[in-house]
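A quick write-up on the structure given underneath.
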Number of protein chains: 2
Amino acid sequence: MRNAAETRDKLLETATGLIWQSNYSSVGVNEICKQAGVTKGAFYHHFDTKADLYVAASRHYWEGMKRDLDAIYSPAYTPLEQLENLIQLIIQKQISECICRDLEVAGCPFFTAGGQAGIDDIKIRRAAQEMEEHVQKYSVALVRGLKGEGVLNGDPDIEQVARFLHHFIQGLLVYGRLMNSLDAVRADLREGLYRLIDLKDEYRIAESEQPYSKASDAA
Amino acid sequence: MRNAAETRDKLLETATGLIWQSNYSSVGVNEICKQAGVTKGAFYHHFDTKADLYVAASRHYWEGMKRDLDAIYSPAYTPLEQLENLIQLIIQKQISECICRDLEVAGCPFFTAGGQAGIDDIKIRRAAQEMEEHVQKYSVALVRGLKGEGVLNGDPDIEQVARFLHHFIQGLLVYGRLMNSLDAVRADLREGLYRLIDLKDEYRIAESEQPYSKASDAA
DNA sequence: ACTTGAAGATACCGATCGGTATGCTATATT
DNA sequence: AATATAGCATACCGATCGGTATCTTCAAGT
């Protein structure tokens, strides 16, 4: 009974990290255990299968992301500020998540893994779908706020535009990861989102006048 | 010397198919050989490593896609028609590629695999980058044509918008695959692209008046 | 103090992994 | 016809795969 929760968390985070820098099927249980400093007996004491660990890690990861999203979508901010917060968060996350790794862009390991899962890996797929549903709610709220504020052109389908954001962000992050270039993400993120939500020109922020400097790592 | 090219092609296409319905690292050499009706000796006669097969399969896949792209981007079409062709091709490809498989949406296996590859799998990454570079040229040509035709609002950065298309399409296909819903792709593809290229309203085609019916499978 | 069960350690399981060594066979070359 | 080599088959390699069986340890409940 010596520190069960800590062992579990260590496994969760180690697994997330390893899956992050490669992918689900190429990361072995042995490797996870070794890096987590945990024996296999302990592993299978906490999780029935490797897939179950994955699902747990996915939820664990979402909890952290939920905190971030709650923060940037706080009612303390206007919808426009929330949008800006989102842009900054995406960039910032790539930096923080890639610390101690050799990647410039991480993306979301669980989402991409879910998109690559075969029909057989139902658990993996469901985990990604679950996260997708969660994040979609936040995006809908953002777009609804923007629309309510009257900063969008036309009369868009809110849920559809929310999906647009998601598609684009995911695609961009995969691209950024493929090219191993965070600058590639920076170059396209803002303008792409602006176009997808069709933000009125007068509310757009030019790339040259970004609020924070790129290197504001100060925690 | 009995039919070397055929054996090679069989391996290439079998590998592509298998990787398609799952992913690179979870598909074994044995499985590929078995399904291709080829022995392991034959496999390693044609390819040095599994990764080399993957790269070859990637190029083989690109050759087919290049033919498709050359067809839809033919000078016989106006830029607007080319755009419409692209939309139809993406949908159609998902249908044709998924025949005999249990997936509704396939996406591009090589691109997503490249995006998930670790730093170590340089070959896999390079293959995806290579294909990315190729397809980007086509997208640039499309956007340039559209801009030249004067059907786009504003004065967009052509290369950037071309990248936008790619990000969005890839993200959407991963989403469609995750949800296993081709309708999800259909629902967002056209409108998303329109917004990213900022096509003038008068040139947009409403979802309800699509040129071909959804079920036109006739080869 | 004694029991109980969670937490974890060690050793092992058959299966499969990517890859190799060697041999056979048919065709092309001389 | 003899030879050489591409094309392929069979058998096998050590390593690793996900998972299990069994054991110890330690802390809480009574």
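Throughout, protein chains are lettered first and strands after them, A, B, ... in sequence-line order, and every chain is numbered starting at 1.
Atom-to-atom, CG of A:N3 to P of C:dG8 comes out at 8 Å; the value is rounded to the nearest Å. In this structure, A:I124 places its CD1 atom 12 Å from P of D:dG18, rounding to the nearest Å. Here the P atom of nucleotide D:dA9 and the CG atom of B:L11 are 10 Å apart, to the nearest Å. Atom pair A:F43:CZ and D:dG19:C1' shows a separation of 10 Å (rounding to whole Å applied). Atom OH in A:Y44 sits roughly 18 Å away from atom P in C:dT10 (whole-Å rounding). Atom CG of B:D9 is separated from atom C1' of D:dG7 by 15 Å (rounded to the nearest Å). Rounded to an integer number of Å, the gap from CG of B:D52 to P of C:dT20 is 11 Å. If you take CG of B:L18 and P of C:dT16, they are 16 Å apart, rounded to a whole angstrom.
When the nucleotides D:dG18, C:dA9, C:dT20 are ranked by their closest atom to the side chain of A:A42, C:dA9 comes out on top. Among the nucleotides C:dA7, D:dG19, D:dG7, the one closest to any side-chain atom of A:T49 is D:dG19. In the set D:dC8, C:dG18, D:dG18, the nucleotide with an atom closest to the side chain of B:K50 is C:dG18. Distance from the side chain of A:H45 is smallest to C:dA7 among C:dG19, C:dA7, D:dC8. Considering only the side chain of B:N30, C:dC17 comes nearest among D:dG7, C:dC17, D:dG18. Comparing D:dT10, C:dA6, C:dG19 against the side chain of B:T39 picks out D:dT10 as the nearest. Of the listed nucleotides (C:dG19, D:dG19, C:dT10), D:dG19 has the atom at the smallest distance from the side chain of A:K40.
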Exercise for the section: Kindly determine whether A:Y54 and A:T49 satisfy side-chain contact (heavy atoms from CB on, under 4.5 Å), including the steps that lead there. Expected result: CA-CA 9 Å; A:Y54 177 86; A:T49 67; over 6 Å; no
Exercise for the section: Would you check, one step at a time, whether the test salt bridge (Lys or Arg N to Asp or Glu O under 4.0 Å) holds for B:R67 with B:D70? Expected result: CA-CA 5 Å; B:R67 276 191 294 273; B:D70 283 334; over 6 Å; no
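A side-chain contact (heavy atoms from CB on, under 4.5 Å) with A:R177 is found for one member of A:T112, A:L172, A:V105 and no other, namely A:V105. Screening A:L11, A:L12, A:L18 for a side-chain contact (heavy atoms from CB on, under 4.5 Å) with A:T14, the sole residue that qualifies is A:L18.
As judged by a 4.0 angstrom heavy-atom cut-off over every strand, A:G41 is placed among the base-contacting residues.
For the 3.5 Å distance criterion, the side chains of A:H166 and A:E132 qualify, holding a donor opposite an acceptor.
In terms of position along DNA chain C, the nucleotide closest to A:A5 lies nearer the 5' end than the nucleotide closest to the other residue of the pair B:E31 and A:A5.
Between C:dG8 and A:H46, a contact under 4.0 Å exists linking OP1 or OP2 to a side-chain N or O.
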